[in-house]
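Each remark here refers to the structure printed beneath this line.
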Amino acid sequence: MHGTRTSSAIWHGQLDAVRAAGHEAVAVDLPGHGARSHERFTLDGALETIDRAVRACASPPVLVGLSLGGYTSLAYAARTQTALAGLVLSGCSTEIRGKPVAAYRTISSAIARLLGRQASWAVVADMLGAMGQHSSLGDLGRLQARVVPVWLVNGHRDPLRLGERAYLAALPGIRRAVVPRAGHDVNTHAPRVFNRLLLDVLAQVAPRGGALVPAR
């Protein structure tokens, strides 16, 4: 799954690598993004989107999410654990909560009102409103690592990895990889490293399912 103000297009490098290795791979747009930019973003809408993509796979897939896509993928996994072979989360290792988030939402809402709902800042306000009351640590606490193996793959320079320790503590058995010199968009900052990590994950869970579903 992709991040805010982007689309499934960010995954083209990963789709090529995964398909070349013989795995099924698909990417979808979340509400308010890409081909669905005319829609309003909601968490329920994002979860429905992920569910449709997962159900379309011939076998339980590895669900991959970056930033907003990581938060929504984690929320989905916490609700439907047996539907997935694994979960790869990037750029989402801290909670979207607190006063700084509320201030950011106020600013993005003001920009959206000034520029109109067609501006990409509108989806930022929708996203913060939807996710600001949601707890990713709570999602991790509901997951069972033996049922759904989880990998955190973060860029070393990503400010959204500040909560990694809390994430690791919330789910014993979670795996972690930190990519040197990469920032928030780790899949584009270090595509070769990211792709190798994805292929390693797929190799480990292949008996349980080989499809990869990146969500943006």
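Positions are given from 1, in the same order as the sequence printed here. Predicted model only: the values in this text are computed from it and were never measured.
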Among residues at least two apart in sequence or on other chains, which ones pass side-chain contact (heavy atoms from CB on, under 4.5 Å) with R176?
L152, R161, E164, L168, V178
Taking E95 for the side chain and S136 for the main chain, is one N or O donor matched with an acceptor at less than 3.5 Å?
yes
Heavy-atom side-chain contact between T82 and V148 under 4.5 Å
no
Are V18 and L202 packed together at the side-chain level, in the sense that at least one heavy-atom pair is separated by less than 4.5 angstrom?
yes
Taking only residues two or more places apart in sequence or in another chain, which ones pass side-chain contact (heavy atoms from CB on, under 4.5 Å) with Q144?
Q81, V147
Checking D139 now: which residues fulfil side chain to side chain donor-acceptor pair (under 3.5 Å) with it, not counting sequence neighbours?
H134, R142
Hey, does V179 have a side-chain heavy atom less than 4.5 Å from the side chain of N154?
no
Close side-chain approach of V150 to L89, heavy-atom, < 4.5 Å:
yes
Give a yes or no on whether R36 atom CZ has more than 12 heavy-atom contacts from other residues, nucleotides or ligands under 6.0 Å away.
yes
Ring geometry between F41 and H33 (parallel below 30°, tilted from 30 to 60°, perpendicular above 60°):
perpendicular
Partners meeting side chain to side chain donor-acceptor pair (under 3.5 Å) with R55 (sequence neighbours left out):
D51
Enter the distance from L30:CG to S73:OG here, rounded to the nearest 0.5 Å.
7.5 Å
Output all residues satisfying side-chain contact (heavy atoms from CB on, under 4.5 Å) with T94, sequence neighbours left out; order by chain, then residue number.
Y71, L160
Please identify each residue that fulfils side chain to side chain donor-acceptor pair (under 3.5 Å) with H189, with sequence neighbours left out.
none
